Amino acid sequence: MLLKHLIAKLAIQAVESAQENGSLPAGPLPEIEVERPQHSDHGDFAISLPLRLTRSVGINPMVIAQLLVPLIPKNDAVSEVRVASPGFINFVLNPSWLQKELNSIIQESDSFGNIKRDVNERIQLEFASVNPTGPLHVGHARTAVLGSVLSNLLAAAGFEVSTEYYINDAGTQMDNFYKSLYARYMQELGHQTDMPESGYIGSYITDLAKEVITKNQNRFVEMPEEKAVAQIGALGLKKMLSIIRKDLESVNVNFDVWFSETDELHKKGEPDATLNELKKAGYIVNREGATWFESTKLGEERDNVLIRSTGEPTYFALDIAYHSNKFLTRGFDRVINIWGADHQGHVSRMKAAVSAIGVDPERLQIIISQLVALKHGDEVVRASKRTGEMITMRDLVDEVGADACRFFFLSRTPESQMEFDMELAKKESADNPVYYVQYAHARIAGIMNLANQNSLDYTSGDVGLLTHSAEIALIKKMLALPELIDHIGDSMEAHLLPKYATELAAAFHWFYQQCRVVSEIPDEFALTMARLKLVECCRIVFARCLSLMGMSAPEKM
RNA sequence: GCCCCUGUAGCUCAGCGGAUAGAGCACUGGCCUCCGAAGCCAGUUGCGGCGGUUCGAGUCCGCCCAGGGGUACCA
């Protein structure tokens, strides 16, 4: 049981006792909020229950607190419970209980902090699904990092998670990309061919065209244009996907499933099937030569076109089919999508569509990540693949490194807007707090090496000797990890993980400053053993955090 | 116009309606005969504005100001 749940349970029991003996009137309990006080003077946990209770029972909060404290059941984990003005009850954890908990960290090792759940919930997490019409830019890096860490955290929090990249390999943007590539191919070979209107003019298209030439020479030149576009397009798509995949791997982002729109939806007839379902459910109407989804029936501001008057399905229609596939074909209990803020207008109609196919919209969660604005000096530019005006994710990773990059993005909440320029990124990479955390891990590795060299076997170290305030503070911080993972599993607030890791590192560095681990003094042999055990626990927790964040845990720096 | 997000220290950002608003960077001054000084300690500066709800508001509500995004038979 998590400590905060234990505290809540103890508090509830106390209120029930008070209601039984008549010192508090009977009545429903308010929600017990267990807090982590900011100041150590206020204990390790606190509840403001008396303050919340005061109005409904008409008793002064300090009086409520004082009558509740003696009724709180004794528990090994808690050594002290006290009342604090204006009506808090503070709980202090028992040092000897804390010390013993170190053994559970060693036992659980790589799985320390994992949460077990009674019901198995299958979650699909889809993110960073960029059209394969160009490389990923820094904005995508943000969602990619967030998604990969969230998947790690959800798995640790006891959910069954499948990560997915949706390959948007059909539609007008792809045609546009294919035609752009064809035009560049022809131009490179000296044939005057116009770029399509609003084509992709980034230099990477020219690079792709040159690569096509290197491998295929001029064999597409004499071909009918339509056929040549299709063949060159297929080569370009394949290459683009491989670039995207490698770019993602370079920041340590991997997917369980790469889902092709063409292969998994179109070839299996799912868009038509979904349209029929919507028709059966009574949400389809034909108007002005197009087929509309009557989302106004579900409270939306306007209806949306599904099939254009040209006969082409819209992006929205295909996304409904895709979500139908997620929920109905594959049966995920919950689907989480991470989208950029430019898709924000798509959120509520997507939820409406999901409910139209008979799925509770609560099962679809959409995280909107604010866009990353790019700066060239003082000038803000809009990232666009079409104009080629962008800093690619690969540029960023090559420049600042995957670990610093991940920590940089992960530390910010998705809704924070960022202005991004390479100078800042370089500066941040040199001074990135990620090294503060990794340094703690490397320091520990150094200590453990020393212990190994001296053949010190600390397995039977007596944890009862760890009484220094820096040691106790460090243990408390380590034992907070399960609670954090549980919290993030519910709230998706992945940015709390780097924050926690930084706090843990601070606690470790302070301990290191205060307490000599491997002592030369013969009298301190037992203490050395105990501290080595503590340090080993610490290594486990740091390794866990770094691994959850998808970063390396260096032995040396 | 309407909808969503944001405004906290010089800069980049945390802050579940709670008790003295925190980190990192930057700046200043201390700390290595001792397991890694990429570390530790100390110091300076702040909730965009005006009302409201509450025992208690950076946090919730309303209005205003400022920035980003959306408002297509684009994706």
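Chain identifiers are assigned alphabetically (A, B, ...) following the order of the sequence lines, protein sequences preceding nucleic acid strands; residue numbering begins at 1 within each chain. Source: prediction; values computed, not measured.
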Report task. For A:Glu555, answer base if it contacts any base atom (sugar-phosphate contacts may also be present), sugar-phosphate if it contacts only those atoms, and nothing otherwise; contact means non-hydrogen atoms under 4.0 Å. Result -> base
Query - Spacing of the P atoms in B:G46 and B:A9 (rounded, Å) - result: 9 Å
Query raised in the report: Going by heavy atoms in the side chains, are A:Asn90 and A:Glu80 under 4.5 Å from each other?
Result: no
Query raised in the report: Is it true that the NZ or CZ of A:Arg412 lies under 6.0 Å from the centre of A:Phe409's six-membered ring and within 45 degrees of the ring axis?
Result: no
Report summary line: Per nearest nucleotide of RNA chain B, the residue lying toward the 5' end, A:Arg302 or A:Phe88, is A:Phe88
**Report entry** Paired nucleotide for B:C40 [Watson-Crick or G-U wobble; both distances under 3.5 Å]
**Finding:** B:G30
Requested in this report: Name the nucleic acid region contacted by A:Gln514, choosing base, sugar-phosphate or nothing; use a 4.0 angstrom heavy-atom cut-off, strictly under.
Outcome: nothing
Requested in this report: Identify whether any heavy atom of A:Ala46 sits under 4.0 Å from a base atom; if not, whether one sits that close to sugar-phosphate; answer base, sugar-phosphate or nothing.
Outcome: base
Report task. Report which part of the nucleic acid A:Leu51 touches: base, sugar-phosphate, or nothing (heavy-atom distance under 4.0 Å, all strands). Result -> base
Query - Syn/anti state for B:C32 [syn: chi within 90° of 0] - result: syn
Query raised in the report: Picking from B:C2, B:A19, B:U54, which would you name as closest to the side chain of A:Pro37?
Result: B:A19
**Report entry** Partner nucleotide of B:G24 by Watson-Crick or wobble geometry (both distances under 3.5 Å)
**Finding:** B:C11
Report task. Tell me what A:Arg531 touches on the nucleic acid: a base, only sugar-phosphate, or nothing, going by heavy atoms under 4.0 Å. Result -> nothing
Query raised in the report: Do the side chain of A:Ser309 and the base of B:C73 come within less than 3.5 angstrom through a donor-acceptor pair of N or O atoms?
Result: yes
Query raised in the report: Which nucleotide, B:G70, B:C13, B:A19, lies nearest any side-chain atom of A:Gln38?
Result: B:A19
Requested in this report: Between B:A23 and B:C60, how far apart are the C1' atoms? Round to whole Å, please.
Outcome: 26 Å
Query raised in the report: Quantified in whole Å, what is the P atom distance between nucleotide B:A14 and nucleotide B:G51?
Result: 28 Å
Query raised in the report: Hey, is A:His42 stacking on B:A19? Ring centres under 5.5 Å, planes under 30°.
Result: yes
Query raised in the report: With both distances kept under 3.5 Å, what pairs with B:G1, Watson-Crick or G-U wobble?
Result: B:U71
Requested in this report: Please determine, for the side chain of A:Arg443, which listed nucleotide (B:A75, B:C25, B:A37) has the closest atom?
Outcome: B:A37
Query raised in the report: What heavy-atom pair brings A:Tyr200 and A:Ser180 nearest, and what distance separates the two atoms?
Result: N-OG, 3.0 Å
Query raised in the report: Separation of A:His5 atom NE2 from B:C16 atom P, in whole Å?
Result: 18 Å
Query raised in the report: Do A:Glu536 and A:Arg539 sit within salt-bridge range, that is, some charged N less than 4.0 Å from a carboxylate O?
Result: yes
Query raised in the report: Paired with B:C16 by Watson-Crick or G-U wobble geometry, both distances under 3.5 Å: which nucleotide is it?
Result: none
**Report entry** Protein-nucleotide distance (A:Trp339, atom CH2; B:G68, atom P), rounded to Å
**Finding:** 24 Å
**Report entry** Between B:G49 and B:A57 - P atom distance, rounded Å
**Finding:** 16 Å
Report summary line: A:Asp175 atom CG is separated from B:A75 atom P, nearest whole Å, by 11 Å
Report task. Write down the distance separating the P atoms in B:U59 and B:A19, rounded off to the nearest Å. Result -> 13 Å
Requested in this report: Would you mind classifying the nucleic acid contact of A:Asn90 as base, sugar-phosphate or nothing, using non-hydrogen atoms under 4.0 angstrom?
Outcome: base
Query raised in the report: Touch check for A:Ala442, heavy atoms < 4.0 angstrom, all strands: base, sugar-phosphate only, or nothing?
Result: base
**Report entry** Pair of N/O donor and acceptor under 3.5 Å linking B:G69 base with A:Gln370 side chain
**Finding:** no
Query - Residue A:Gln417, side-chain atoms from C-beta onward, closest of B:A75, B:C5, B:C35 - result: B:C5
Requested in this report: Check every strand shown and say whether A:His343 touches a base, only sugar-phosphate, or nothing at a heavy-atom separation below 4.0 Å.
Outcome: base
Query raised in the report: So, for A:Val372 and A:Val138, which heavy atoms are closest and what is the spacing to 0.1 Å?
Result: CG1-CG2, 4.0 Å
Report summary line: Picking from B:A38, B:G69, B:A14, the nucleotide nearest the side-chain atoms of A:Tyr439 would be B:A38
Query - Touch class at under 4.0 angstrom, heavy-atom based, for A:Ser519 against every strand present - result: nothing
Query raised in the report: Quick one: A:Leu53 CG to B:C55 C1', roughly how many Å, whole number?
Result: 13 Å
**Report entry** Whole-angstrom distance between B:C61 and B:U53, as gauged at atom C1'
**Finding:** 7 Å
Query raised in the report: What does A:Thr54 touch in the nucleic acid at a heavy-atom separation under 4.0 angstrom: a base, only the sugar-phosphate, or nothing?
Result: nothing
Report summary line: Of A:Met557 and A:Glu415, the one whose closest nucleotide on RNA chain B sits nearer the 5' end is A:Glu415
Query raised in the report: Do A:Gln173 and A:Asn131 meet the criterion of a side-chain donor-acceptor pair at a distance under 3.5 Å?
Result: no
Query raised in the report: Do A:Leu548 and A:Ile485 come close enough that some side-chain heavy atom pair is under 4.5 Å?
Result: yes
Report summary line: All heavy atoms of A:Asp457 vs all of A:Thr459, minimum pair found to be OD1-OG1, 2.8 Å
Requested in this report: Would you indicate what A:Ser48 reaches in the nucleic acid, counting non-hydrogen atoms under 4.0 angstrom: base, sugar-phosphate, or nothing?
Outcome: base
Query raised in the report: Under 5.5 Å between ring centres and under 30° between planes: does that hold for A:Tyr436 against the base of B:A38?
Result: no
**Report entry** Nearest-angstrom distance, C1' atom, B:G15 to B:G7
**Finding:** 15 Å
Report summary line: Scanning all shown strands, the Watson-Crick or wobble mate of B:G46 with both distances under 3.5 Å is none
Query - Polar pair under 3.5 Å, donor/acceptor by atom type, side chain A:Asn432, base B:A38 - result: no
Query raised in the report: B:U28 and B:C47: how far apart are their P atoms, nearest whole angstrom?
Result: 26 Å
